[in-house]
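What you are looking at is a predicted structure, and each value in this text was computed from that prediction instead of being measured.
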Amino acid sequence: MDLAHSALRRIAGARPGEVGTSLWSFAGFFCLLCGYYVLRPLRDEMGVQGGVENLPWLFSATLAAMLTVVPAFGFAASRLPRRLLVPWAYFFFIANLLVFYALFSIGLAPPAVARAFFVWVSVFNLFAVSLFWSLMADLFRPEQAMRLFGFISAGGSCGALAGPTLTALLAAPLGTANLLLVSCFFLASALVCVRALVRRGDVRNDPGAGSAEAVGSIGGTTWSGIATILRSPYLIAIVVYVLLYTVLFGFVYLELARLVAATYHESAQRTALFAQVDLAVNVLTLLGQLFLVAKVVEKLGVGVALALLPALGLAGFAAIALVPMLAMLIVFQVLRRAADYAIARPAREMLFTVLAREAKYKSKNFIDTVVFRGGDAASGWVYAALKGLGLSLAGLAAAAIPGAILWLVVGLWLGRQHARLRD
């Protein structure tokens with residue numbers, strides 16, 4: 001433990017009493033994202049197999065699924081104690097994955113199952129990660145989050161590196177269906193870490209340990225998370241930030257899928273390309289999380305960290321407008337995802353540490369799921385409409401530039417508000 005504390009002190013400025021919880025958090029996020037990234041190349045390939053022209057429909061189906069899941073979560077959060085809420089949600093996802101394993105194994109209605117799997121993975125990813133960060137925002141104080149969230153995020157990046165590697169190594173010998181069991185193993189391991197965090201957090205990090213708030217349900221009603229958003233300019237700005245992110249970069253994802261489908265005609269080639277993109281993103285992300293995010297937040301503030309991704313988007317859209325090629329789009333996709341996961345995402349999670357518990361779980365969950373996938377669905381239909389008008393890749397990139405400027409301004413404003421609420 002002395003060695004771990006020494007390493008954490010150098011990397012993230014960890015202090016006595018924070019090492020155990022930080023390591024459990026790192027391990028939990030590693031297992032969660034490893035399990036997800038075993039599935040991600042399969043999800044992307046199934047989306048292409050279903051036809052790129054059908055992706056807007058899949059995005060809309062994902063939003064519809066979110067609108068079903070979020071009220072159910074709000075109902076559960078109003079009644080279940082915190083120590084059960086997140087673990088039971090993870091257990092539910094594991095059970096779902098075992099159902100898909102059975103369906104893939106018996107070959108039941110492959111096209112329909114493939115589309116359902118695309119939607120399920122899209123829901124699972126956002127929901128499970130949102131719940132993890134709700135727990136982190138609940139366990140760590142704002143000052144701790146500014147030092148430690150980069151290190152915890154690096155656990156996810158290590159998992160995101162391991163996941164595609166396992167998929168590439170095991171896809172041929174095990175087959176697609178058995179990869180789902182590999183993912184189940186890592187999700188079950190994440191569940192073990194979450195249970196350990198809930199036990200440790202109530203004692204070590206939560207100033208309300210032993211109180212009804214700490215051990216009881218989060219309270220409120222099924223829809224109170226939405227009401228909290230509508231009453232808070234701060235949360236509304238987070239909604240705007242997320243919507244601009246999803247709509248603008250939804251164009252990039254859809255155009256990349258179209259160009260990849262037109263350029264690579266074999267399924268194995270496309271799956272390999274998606275896995276290589278994931279690998280490049282996760283290497284850059286890991287380096288940024290370990291060595292950049294804490295320093296950027298400490299020296300420049302949360303607002304600058306939030307504004308870095310829109311600034312990169314602005315530069316990237318301008319470059320694509322000038323050089324509208326698949327290679328440029330792939331480079332931009334790698335850089336923007338790395339900047340998001342390494343810096344913008346940890347900074348975005350820090351925004352919730354200054355809020356009440358109900359907002360940390362319910363409002364945050366609504367933003368991370370319904371708002372996020374709502375932006376995806378909107379981007380899909382706007383993209384289809386713009387392509388129907390004949391806009392090229394260069395035209396789409398140019399149209400995105402004003403949105404990137406607005407996005408940058410919102411990020412800076414959120415940083416100022418976070419600093420005011422923290423103080």
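Between Leu412 and Gly303, the closest heavy-atom pair is CD2-O, 3.8 Å. The two residues Ala145 and Met350 have their closest heavy-atom pair at O-CE, 3.6 Å. Closest non-hydrogen pair, Arg422 versus Pro142, comes out as CD-CB, 3.8 Å. What you find for Leu197 and Leu135 is that their closest heavy atoms are CB-CD2, 4.3 Å. When every heavy atom of Val123 is checked against every heavy atom of Ala65, the shortest pair comes out as CG2-CB, 3.8 Å. Pairing each heavy atom of Cys31 with each of Ala190, the nearest pair is CB-N, 3.6 Å.
For Lys364 and Phe352, the positive end sits near the middle of the six-membered ring, less than 6.0 Å away and at most 45° from its axis.
Considering only heavy atoms from C-beta on, Trp24 stays 4.5 Å or farther from Phe29 through its side chain. Side-chain contact between Ser153 and Trp133: present, with at least one pair of heavy atoms (C-beta onward) separated by less than 4.5 Å. Side-chain contact between Val302 and Leu414 is absent, with no heavy atoms from C-beta onward closer than 4.5 Å. Two residues are said to be in side-chain contact when any heavy atoms from C-beta on lie closer than 4.5 Å; Leu97 and Ser183 meet this criterion. Counting heavy atoms from C-beta on, the side chains of Val182 and Asn178 never come closer than 4.5 Å. Residues Leu181 and Tyr101 meet the side-chain proximity criterion, which asks for heavy atoms closer than 4.5 Å. A 4.5 Å side-chain heavy-atom check between Thr353 and Phe140 finds every atom pair outside the cut-off. Side-chain contact between Phe372 and Leu243 is absent, with no heavy atoms from C-beta onward closer than 4.5 Å.
Between the side chains of Arg40 and Tyr36, a donor-acceptor pair is found at a separation under 3.5 Å. Between the side chains of Tyr245 and Arg336, at least one donor N or O sits under 3.5 Å from an acceptor N or O.
Although no hydrogens or angles enter the test, the distance criterion places a donor-acceptor pair under 3.5 Å between the side chain of Gln144 and the main chain of Arg141. Here the side chain of Ser232 pairs no donor or acceptor atom with the backbone of Ile229 at under 3.5 angstrom. A donor-acceptor contact shorter than 3.5 Å links the side chain of Thr167 to the backbone of Val38. Here the side chain of Ser134 pairs a donor or acceptor atom with the backbone of Ser130 at under 3.5 angstrom.
Atom CG of Leu180 is separated from atom CG of Leu187 by 10.0 Å, given to the nearest 0.5 angstrom. A distance of 9.5 Å separates OG1 in Thr228 from CG in Leu355, rounded to the nearest 0.5 Å. Taking CD1 from Ile367 and CG from Leu126, the interatomic distance works out to 13.0 Å, rounded to the nearest 0.5 Å. Taking OG from Ser157 and CG from Leu33, the interatomic distance works out to 7.5 Å, rounded to the nearest 0.5 Å. With values rounded to the nearest 0.5 angstrom, Thr369 atom OG1 is found 11.5 Å from Asn125 atom CG. Residue Asp340 holds its CG atom at 12.5 Å from CG of Leu335, rounded to the nearest 0.5 Å.
Ring pair Tyr241/Trp407: centre-to-centre distance below 6.0 Å. Aromatic pair Phe332/Phe317: centroids less than 6.0 angstrom apart. Annotation: Phe132 is not in aromatic contact with Tyr90 [ring centroid separation under 6.0 Å not met].
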Please test Leu32 against Val194 for side-chain contact (heavy atoms from CB on, under 4.5 Å), starting from the C-alpha separation and ending with a verdict.
CA-CA 10 Å; Leu32 177 60; Val194 164; over 6 Å; no
Set out, in order, the CA-CA distance, both residues' side-chain angles and the distance that settles side-chain contact (heavy atoms from CB on, under 4.5 Å) for Tyr37 and Leu161, then state yes or no.
CA-CA 8 Å; Tyr37 272 93; Leu161 283 169; over 6 Å; no
Evaluate side-chain contact (heavy atoms from CB on, under 4.5 Å) for Val370 paired with Asn365, printing each intermediate quantity in order.
CA-CA 8 Å; Val370 173; Asn365 181 262; over 6 Å; no
For Leu309 and Ile343: C-alpha separation, side-chain torsions, deciding distance, then whether side-chain contact (heavy atoms from CB on, under 4.5 Å) applies.
CA-CA 8 Å; Leu309 185 60; Ile343 298 175; over 6 Å; no
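Crowding of Tyr234 atom OH: a count of heavy atoms from other residues, nucleotides or ligands under 6.0 Å exceeding 12.
The aromatic rings of Phe100 and Trp120 sit tilted relative to each other, their planes meeting at an angle between 30° and 60°.
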